[in-house]
2 protein chains.
Amino acid sequence: MPKIGIKDARRQLLIDATMASIAELGMQNTTILSISKRAGMSSGIISHYFGGKQGLIEAALRYMLHQLGDELRQRMARTDGSPLQRLNCIVEANFSEFQRSPLAAKTWLSFWARSMHEPGLKRLQQINNARLYSNLRYSFAQVLDASEATAAARQTAALVDGFWLRSALSLDPEESFETGEQLCKRFVKDALNQRTNL
Amino acid sequence: MPKIGIKDARRQLLIDATMASIAELGMQNTTILSISKRAGMSSGIISHYFGGKQGLIEAALRYMLHQLGDELRQRMARTDGSPLQRLNCIVEANFSEFQRSPLAAKTWLSFWARSMHEPGLKRLQQINNARLYSNLRYSFAQVLDASEATAAARQTAALVDGFWLRSALSLDPEESFETGEQLCKRFVKDALNQRTNL
DNA sequence: TTTTATTGATTGAACGTTCAATTAACAAAA
DNA sequence: TTTTGTTAATTGAACGTTCAATCAATAAAA
């Protein structure tokens, strides 16, 4: 059975299975067995690769954060760098196909709730929150003065998270994510136009 | 030992203990024992009063929703009924002292995450989401035209939930709730002024 | 006494972790 | 090429723990 170089592939398979289980059963009902069954492996393999269930869950969160970062970087590379375009990239990355999938959306929310009482997850989640805010703040500050940029960045960050949360819990997530993204972009545009300090 | 009114008092004691346990230990680590210990009662009492742990958790959520409704009604009664004032009431109710307490904030987030996979909680949470939106929509529609009112209401609802979520997860919730409330009100004011259709 | 409320020890199911046994891949020897 | 020895990945049964629910015993009120 052992094939060399296959380690990363198996690790990823387990991470995928973890998200699938959390999305389907909830973190509450996600067990070592519900994960390993979905990955087509045995229960013991999780301790072998991740040191335990907790390690796998943290690895899955790190994977999702990594995905989010990738999506942002990809989009940023394809713009001329104007503040409006950069801000739209940030919004789009947070509403990308992967992020809005029921699998990712449910997993995010589960992570967030659990992060309140688990320092390992909390740290990762703080970093993500701070990054979203500072990315927004940077682009707003190129057009608005300091205090306006701060306010606009905080509002946009809350708007993104809020729409995202409401969509994840919505009965029709597809439609909710779509209008959420549009209304975020609309807020960004309005904020730039109406608060410009020239 | 039946004394009138004692039953409700004990039920409330258990609900308080439930929120305290969820806030302190997380829903993950909240057990029948962690609740009953905090309430100074035995473990069996939970089944007696609520039919089981799940029943108690749903009762606690219902209690928090009821609190939110009360806060809104109280504030609404103390205004002249102008759209701006009514909208500010809605924001204030969602950021009231009770709602922003670590106890309530952590409990809300735990409920939301769990509601994804438990129909009983999901139903309650849907009702709450819909109520926030329709309250906002009603007041915006008295000043803005239909499509503007819809957009503003959805944005405000997301803003409230988003600030609320970020505050609950924040390292400094006190400050985060405070500026969140202010920035929500600012958005409402701006939306009314800049989109007015006269 | 009768009724009702409350306790807390007990039960059985479910869980994460562990580890001895197994199996496949690879390397060395024939 | 075939055989044999070595390595490391993988399995899954067993173990100890934890939990929600149950219910017989107890206490208090009527």
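Chain letters run A, B, ... following the sequence lines, proteins first and then strands; every chain starts at 1.
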**OP:** Would you classify A/Ser43 as touching base, sugar-phosphate or nothing, given that sugar-phosphate means primed atoms plus P, OP1 and OP2, and contacts are heavy atoms under 4.0 Å?
**Re:** base
**OP:** Could you tell me the separation between the NZ atom of B/Lys53 and the P atom of D/dT22, rounded to a whole number of Å?
**Re:** 15 Å
**OP:** For B/Ser36, report the nucleic acid contact type (base, sugar-phosphate, nothing); a contact means any heavy atom under 4.0 Å.
**Re:** nothing
Original post:
Do A/Gln99 and A/Trp108 have side-chain atoms, one donor and one acceptor, less than 3.5 Å apart?
Top reply: yes
**OP:** Kindly point out which of C/dG16, D/dT10, C/dA5 is positioned nearest to the side chain of B/His48?
**Re:** C/dA5
**OP:** Just compare D/dT10, C/dT7, C/dC15 and give me whichever is closest to any side-chain atom of B/Ile45.
**Re:** C/dT7
**OP:** Take the protein atom CD1 of A/Ile35 and the nucleotide atom P of C/dT17, then report the distance between them rounded to whole Å.
**Re:** 10 Å
Original post:
Just wondering, more than 12 heavy atoms not from A/Tyr133 lying within 6.0 Å of its OH?
Top reply: yes
Subject >> Sugar-phosphate, base or nothing in reach of A/Ser47, heavy atoms under 4.0 Å >> reply: base
Subject >> A/Phe50 CZ to D/dT10 P, straight-line distance once rounded to whole Å >> reply: 12 Å
**OP:** Round to the nearest Å and state the distance from B/Leu13 atom CG to C/dT6 atom C1'.
**Re:** 14 Å
**OP:** Please state how far atom NZ in A/Lys37 lies from atom P in D/dT11, giving the value in whole angstrom units.
**Re:** 14 Å
Subject >> Residue met sooner reading DNA chain C from 5', once B/Tyr49 and A/Gly51 are mapped to nucleotides >> reply: B/Tyr49
Original post:
Do the side-chain N or O atoms of B/Arg10 get closer than 4.0 angstrom to the phosphate oxygens (OP1, OP2) of C/dT6?
Top reply: yes
**OP:** Rounded off to whole Å, could you give me the CG-to-C1' distance for the B/Leu33 and D/dA20 pair?
**Re:** 11 Å
Original post:
Honestly curious: do A/Phe177 and A/Phe98 fall in one hydrophobic cluster under the side-chain, below-4.5 Å linking rule?
Top reply: yes
Original post:
A/Asn29 has an atom CG; how far is it from atom P of C/dC15, in whole Å?
Top reply: 8 Å
Original post:
More than 12 heavy atoms of other residues, nucleotides or ligands under 6.0 Å from CZ of A/Arg123: is that the case?
Top reply: no
Original post:
Nearest to the side chain of A/Ser42, which nucleotide is it out of D/dG12, D/dA20, C/dT7?
Top reply: D/dG12
Original post:
Once you round it to whole Å, what is the distance between P of D/dA9 and CG of A/Asp8?
Top reply: 12 Å
Original post:
So, does A/Ser176 use its side chain to make a donor-acceptor pair with the main chain of A/Pro173 at under 3.5 Å?
Top reply: no
